[in-house]
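Counting convention: from 1, in listed order, for ligands and their atoms alike. Values below: all heavy atoms of this structure, side chains included; hydrogens, waters and symmetry mates excluded. In this text, all values refer to a predicted model and were calculated from it rather than measured experimentally. Residue numbers start at 1 and run along the sequence shown.
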Amino acid sequence: MQEKDCIFCKIIKGEIPSKKVYEDDKVYAFHDINPVAPFHILIIPKKHIVGIQTLEAEDECLVGHMFYVARKIAQDLGIAPDENLNKGYRLVFNVGKDAGQSVFHLHLHLIGGRKMEWPPG
Ligand code: AMP
C-alpha cells in the first residue's frame, strides 16, 4: 500500500513532520511546505497512487472523497465562496512533469486566500 521512498507516504506515517489539517481513514491533509498563496493545503490519499495518470477504476470514489474533504477544509478556513459567489479557491492536480508534478504520490492542491489569475502559468 505504501512506498518505501515516497516522501508523502513518510508524512502519512509520521516519519517526516507535517502540519496536519485533516485526517480520516482514507486521506491526510497538511500545509504545503512552500505555499504559493496564504492558504496552500495538500490532500493526499493514504494509498500510494503515483498520480491521476495511473488512476484505476477502483480509485474513483477515493478521488471524489479528496474533493469533498477539500470543500470541507476550504469552508473551515473561511475561503469558500459566499452566497454571492465572492471569495473562492482553486483545486489543482498537476499530472506529469510538464504540468509541474514534482512529487509522485497523488495530491490535490487547495490554494486560496488571494485573488488568482487565469490561465495559470
Ligand atoms: P507538485 O509540484 O504538484 O508535485 O506538488 C508537490 C508539492 O509538495 C509542492 O507544492 C511542494 O512544495 C510540496 N512539498 C514537497 N515536500 C513537502 C513536505 N515535506 N511537506 C509539505 N509539502 C511538501
Could you check ligand 1 for N or O atoms lying under 3.5 Å from protein N or O atoms and list the pairs with distances?
unit_1: ligand 1; atom_1: 2 (O); unit_2: Gly100; atom_2: O; d: 2.7
unit_1: ligand 1; atom_1: 2 (O); unit_2: Ser102; atom_2: N; d: 3.3
unit_1: ligand 1; atom_1: 2 (O); unit_2: Ser102; atom_2: OG; d: 2.9
unit_1: ligand 1; atom_1: 3 (O); unit_2: Asn94; atom_2: ND2; d: 2.8
unit_1: ligand 1; atom_1: 3 (O); unit_2: His107; atom_2: NE2; d: 2.9
unit_1: ligand 1; atom_1: 3 (O); unit_2: His109; atom_2: NE2; d: 2.8
unit_1: ligand 1; atom_1: 4 (O); unit_2: Ser102; atom_2: N; d: 2.6
unit_1: ligand 1; atom_1: 4 (O); unit_2: Ser102; atom_2: OG; d: 3.3
unit_1: ligand 1; atom_1: 4 (O); unit_2: Val103; atom_2: N; d: 3.0
unit_1: ligand 1; atom_1: 4 (O); unit_2: His107; atom_2: NE2; d: 2.9
unit_1: ligand 1; atom_1: 5 (O); unit_2: His107; atom_2: NE2; d: 2.9
unit_1: ligand 1; atom_1: 5 (O); unit_2: His109; atom_2: NE2; d: 3.2
unit_1: ligand 1; atom_1: 10 (O); unit_2: Asp32; atom_2: OD1; d: 3.2
unit_1: ligand 1; atom_1: 10 (O); unit_2: Asp32; atom_2: OD2; d: 2.5
unit_1: ligand 1; atom_1: 12 (O); unit_2: Asp32; atom_2: OD1; d: 2.5
unit_1: ligand 1; atom_1: 22 (N); unit_2: Ile33; atom_2: N; d: 3.1

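Taking all atoms of both residues into account, the shortest heavy-atom contact from Arg90 to Pro120 is NH1-CB, 4.3 Å. Taking all atoms of both residues into account, the shortest heavy-atom contact from Gly96 to Gln101 is N-OE1, 2.8 Å. In terms of heavy-atom proximity, Ala99 sits nearest to Asn94 at O-OD1, 3.1 Å.
The aromatic rings of His109 and His40 are tilted relative to each other, their planes meeting at an angle between 30° and 60°.
Using a 4.5 Å cut-off on side-chain heavy atoms (C-beta onward), Glu23 and Ile12 make no contact. Using a 4.5 Å heavy-atom cutoff, the side chains of Leu62 and Lys26 are in contact.
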